[in-house]
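Shown next, in structure tokens, is the structure this report addresses.
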Amino acid sequence: MTHIPVLLDETIGALNPNPGENFIDGTFGWGGHSLAILGKTAPRGIVLGIEQDGESLAALPAAIKENPRLILENGNYADIAAIVRKHNFSNIAGVLFDLGMSSWHVDESGKGFSFSKNEPIRMKYDSSNPIDAAGIVNNYPAGELEKIFKTYGQEKFSKKIAIAIEKERCRRRIESTRQLVELIRGAVPPAQKMSAPARIFQALRIAVNREFENIKHGIVAGFEVLRPKGRMAVITFHSGEDKIVKDGFRVLVDSGRAELIFKKPIVCSLEEARRNSRARSAKLRAIEKK
Ligand SMILES: C[S@@+](CC[C@H](N)C(=O)[O-])C[C@H]1O[C@@H](n2cnc3c(N)ncnc32)[C@H](O)[C@@H]1O
């Protein structure tokens with residue numbers, strides 16, 4: 001399998017799928033969560049899987065794509081209302097968002113998501129997106145780059161890195177992940193050289209794909225399509241994402257339209273953390289519509 005699903009049992013516990021129920025997986029990826037849901041909703045439950053990256057969808061094994069109880073849609077989960085209408089999908093018992101990128105993006109996509117490979121810096125899920133990471137790095141003013149690194153990467157040395165990028169691109173365009181990693185490492189103190197590239201790559205990925213805007217819209221739109229007593233579960237991987245989900249759920253709960261399924265977010269077990277390093281930062285939050 002190309003992607004190991006994170007917090008799988010906990011997510012299934014939160015969504016509580018039963019035979020015959022319909023679910024939406026807003027971030028289909030490699031389908032790990034969807035397949036587990038389909039297992040619980042047999043023999044007639046349908047999963048509508050939304051995936052923004054058409055190349056990731058195309059790379060899926062035929063056995064997944066040909067599942068008769070799975071509808072796959074290449075789109076943005078922020079457009080969930082239109083996607084639900086398009087497929088005439090109804091009686092939705094649950095919506096899942098497992099945020100960010102998949103292991104396929106890091107290991108196989110060749111799109112520059114990994115700072116330990118040497119690839120062109122594109123980092124876009126949606127190939128029709130006019131913006132890519134090279135466009136940002138080579139064209140945005142240093143002040144704007146600093147803001148992106150700070151807001152989406154919580155990088156302490158944002159200004160230094162932005163200035164180093166601005167200086168370098170006067171000499172030559174920054175095209176490859178290796179070039180970018182060297183620039184980042186050259187701009188930070190020795191103790192930060194290993195971790196800073198991860199923070200800057202995360203920040204660029206979020207900016208390119210407008211991930212925070214999508215989460216905000218996705219929570220509101222995903223909640224609207226749920227049936228009464230339907231559930232929404234969201235898995236986040238860093239504090240910026242988690243805060244958006246926490247705040248979005250708070251608004252729904254405070255307006256009396258939803259209840260939290262558990263007060264504190266669920267994190268992974270020691271055993272899962274040992275098996276899958278991606279799971280170490282994961283947090284699961286879930287609500288039920290009244
Ligand atoms: C963490 S992976 C999901 C993994 C999946 N749960 C599994 O078990 O295989 C997130 C996926 O969501 C996709 N994605 C990210 N933002 C999206 C968006 N706004 N709309 C739809 N898909 C999105 C990414 O391309 C990626 O494939």
Side-chain angles (χ1 to χ4, degrees), residues 1-12 14-15 17 23-39 47-61 63-65 67 70-84 94-114 122-129 131 152 202 205-222 225 233-238 240-242 244-245 268 272 275-284:
M1 189 186 279
T2 308
H3 181 91
I4 306 170
V6 163
L7 292 170
L8 183 59
D9 292 345
E10 294 84 349
T11 304
I12 296 301
L15 288 172
F23 281 81
I24 298 181
D25 182 347
T27 50
F28 187 79
W30 224 248
H33 291 94
S34 281
L35 295 182
I37 293 170
L38 285 166
V47 167
L48 171 57
I50 304 170
E51 171 55 58
Q52 196 174 21
D53 192 323
E55 292 171 51
S56 172
L57 275 181
L60 286 173
I64 296 181
K65 286 193 262 197
N67 187 315
L70 177 64
I71 302 167
L72 285 175
E73 175 69 28
N74 181 201
N76 184 338
Y77 65 67
D79 301 326
I80 202 165
I83 295 171
V84 162
V95 170
L96 168 67
F97 301 127
D98 173 18
L99 300 175
M101 60 186 171
S102 72
S103 306
W104 176 83
H105 283 109
V106 178
D107 299 335
E108 291 172 46
S109 72
K111 299 190 199 202
F113 286 100
S114 166
R122 293 196 281 139
M123 296 194 199
K124 50 184 188 181
Y125 303 135
D126 175 0
S127 56
S128 70
N129 182 349
I131 299 164
Y152 300 146
Q202 172 184 298
R205 195 200 81 211
I206 292 171
V208 167
N209 297 292
R210 302 176 60 86
E211 291 187 23
F212 283 10
E213 289 88 340
N214 286 334
I215 303 170
K216 282 181 200 157
H217 287 131
I219 288 177
V220 174
V225 302
V234 187
I235 304 170
T236 63
F237 291 89
H238 53 87
E241 285 177 345
D242 187 56
I244 297 173
V245 177
C268 76
E272 181 172 4
R275 262 190 296 122
N276 183 3
S277 58
R278 266 191 91 245
R280 286 179 202 150
S281 56
K283 282 187 178 160
L284 169 70

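Nothing fancy with the numbering, it's 1 onward along the sequence. Note that ligands are numbered from 1 as they come in the structure, with each ligand's atoms numbered from 1 the same way.
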May I ask you to test the Ile215-Phe97 pair for a side-chain heavy-atom distance under 4.5 Å?
no
Using a 4.5 Å cut-off on heavy atoms from C-beta on, say whether the side chain of Ile83 contacts that of Leu48.
yes
Strictly under 4.0 angstrom, heavy-atom based: which residues surround ligand 1?
His3, Pro5, Gly26, Thr27, Phe28, Gly29, Trp30, Gly31, Gly32, His33, Glu51, Gln52, Asp53, Gly75, Asn76, Tyr77, Asp98, Leu99, Gly100, Met101, Ser102, His105, Tyr125, Asn214, Arg278
Suppose we screen for ring pair (Phe, Tyr, Trp, His ring centres under 6.0 Å). Which residues come up paired with Tyr125, at least two apart in sequence or across chains?
His105, Phe113
Could you list the donor-acceptor pairs under 3.5 angstrom formed between side-chain atoms of residues 4-12 and any protein atom two or more places apart in sequence or on another chain?
from, atom 1, to, atom 2, distance (Å)
Thr11, OG1, Leu7, O, 2.6

According to the interplanar angle, ranging from 0 to 90°, do the rings of Trp104 and Trp30 count as parallel (below 30°), tilted (30 to 60°) or perpendicular (above 60°)?
parallel
Those residues that, when tested against Glu73, pass salt bridge (Lys or Arg N to Asp or Glu O under 4.0 Å) (two or more places apart)
Lys86
